[in-house]
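Inspection log for the structure reproduced underneath, given as structure tokens.
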Amino acid sequence: MIFIFIIFFPLAQLQHTQDHQDRCPGGSCSPQLGDLLVGRAAHISASSTCGLDGPEKYCIIGYLEEGQKCFICDSRLPYDRYSNTNSHRISNIITTFDPDRKMKWWQSENGVHQVSIRLDLETVFQFSHLVLTFKSFRPAAMLVERSKDFGQTWKVFRYFAEDCSLNFPSVSNETADSADDIICDSRYSGSEPSTGGEVVLKALDPVYEIENPYAPNIQDLITLTNIRVNFTRLFTLGDTLLSRRRRNPQDKYYYALYNMVVQGSCFCNGHANRCTPVDGGRGDVFTQVGMVHGHCVCQHNTAGENCERCQDFHHDTPWRPGGGDAADFCRRCNCHGHSDMCYFDATRYEATGGVSGGVCDNCRHDRTGPQCERCRPFLYQDPQRTADDPHACIPCDCDPAGSLGDGLCDALSGQCICKQNVEGRRCSRCKPGFFNLRQDDAAGCKACDCDPRGSVSEVCDQVRGQCACRSKVTGRRCDQCQAGFWGFPFCRPCECNRLEADRWVHGSLFMCEQMRKESDY
Ligand SMILES: *[C@@H]1O[C@H](CO)[C@@H](O)[C@H](O)[C@H]1NC(C)=O
Ligand SMILES: *[C@@H]1O[C@H](CO)[C@@H](O)[C@H](O)[C@H]1NC(C)=O
């Protein structure tokens, strides 16, 4: 057997190229099919092998009893085309293109009905079909089962028997109604041919139309970590093994397999078209040509041995199998540069109508929100800076005299919560028509209360509360006449006559003052 070794590229390099190709070449993400047995001699086993402990005799059936020919099997050492052609270990069934492949086969011990052959894979693979090519008669009854949990639990794929109702009475011998029905197939168990006969098992019979290849029941059928073939009944041509009429009749009855092919591929949920060795990162740097490896080189921002999850920081959409279109890709979270971690939140995904399900973790730079899009409480977004600026969150700085809510402001506009008669982003100004901002004033500012008869507007000075008075009017509220005028709100000049003035030098002014005061009422 010729082994050619290729050097496996370091994982980091693969990671790098993967960032630049989001789609599989040609749009199709199907890894290549191959024989899962190739390169896995150490992972197949048989419960019975002829000559493992030392030479054993076996015979082949001739048409006459005297015509039978007998041979020796000795499997203590592996097969070697020059020195050890009598070795019939299970590894002989792996397909090679050696010229002597017809000389090489696996054989069970004589007369043992219950024999199983098992392949243990290192991860989940996708199974396509199984072909067994027998050197002996095919078994009168057998079954194929698989495990998806590394051999913890097993599930039968299919039963095979010439007489299904005799060998597997509880199993239906009818054609299956759906792809996942378990049936007994009698097509592959006849006594003809006596050598070279095949048993074939397809994971998915093309008869059934598969609507969604990623439906759970279909995935269940085509994925496995282990496959086991149980031969349960030898084909004995009517002999009973315990018959004493002949000498050692059972040495003619055994299972012998030239070849077993477990066709499959790595299982990547539609997100890769190439696979590398599972333990590639752990120093297993050589790999056999033609071997089907199990570690997917994931596309579409997926990750995991089988691309069964989204890559870190790509949880804005839920993971889906398929990869047929961009809707099945894992999308990057948007955290505005304030976090490198996120998770998928189904509730948010639904609430946004399927737009975004990513929730950022541990936002930096004083930020919060599912996309770190908001500033934390008591801070707000500086309108001069962009949302991804690490310094964009600045303090609300609300005026304690004018604001409520202990200084909380709107995270976007920075607007503080103002008392009733206060305004401004910081709540630091009285509203027009109010004055005297004070912390101990529940409404923040007092009304100007300008006298409409004496003022030109309702607005007063913010601090002192001085209203804007008409001419000849005075007072904070503009509710009195200036000195020398009387009769608010008309405020006529005090026109005292000269005579009286002479008489009441000071009295006339006094009188006018009096009259002005009276007119207030
Ligand atoms: C197949 O054989 C193994 C032993 O080799 C046995 O444990 C298992 O139960 C058998 N499977 C069935 C379905 O009989
Ligand atoms: C199934 O088995 C029954 C006998 O148990 C037989 O009558 C019937 O023809 C079989 N059906 C098929 C499709 O082989």
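Numbering of residues begins at 1 and proceeds along the displayed sequence. Counting starts at 1 for both ligands and their atoms, in listed order.
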Nearest-contact summary for [atom] - protein heavy atom, Å:
atom	answer
atom 5 (O) of ligand 1	S116 OG, 2.8 Å
atom 1 (C) of ligand 1	N230 ND2, 1.4 Å
atom 13 (C) of ligand 1	E145 OE1, 3.5 Å
atom 9 (O) of ligand 1	R228 NH2, 4.3 Å

**Item:** Y253 and F235: CA distance, side-chain angles, deciding distance, side-chain contact (heavy atoms from CB on, under 4.5 Å) verdict
**Value:** CA-CA 7 Å; Y253 301 116; F235 201 93; over 6 Å; no
**Item:** Side-chain touch F231/L132, heavy atoms, less than 4.5 angstrom
**Value:**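 Heavy-atom side-chain distance check passes, below 4.5 Å.
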**Asked** Should Q114 be listed as contacting ligand 1, given a heavy-atom distance under 4.0 Å as the test?
**Response**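 Judged by the 4.0 Å heavy-atom criterion, Q114 does not count as contacting ligand 1.
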**Prompt:** Relative to each other, are the rings of F127 and F157 parallel, tilted or perpendicular (30° and 60° limits)?
**Reply:**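 Geometry flag for F157 against F127: tilted rings.
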**Message:** Would the distance check show the side chain of N259 and the main-chain N or O of I93 forming a donor-acceptor pair, the cut-off being under 3.5 Å?
**Reply:**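 Checked: pair present.
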**Asked** Hey, are Q126 and T223 close enough side-chain-wise for a donor-acceptor pair under 3.5 Å?
**Response**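 There is no such pair (donor and acceptor under 3.5 Å, judged by atom type) between the side chains of T223 and Q126.
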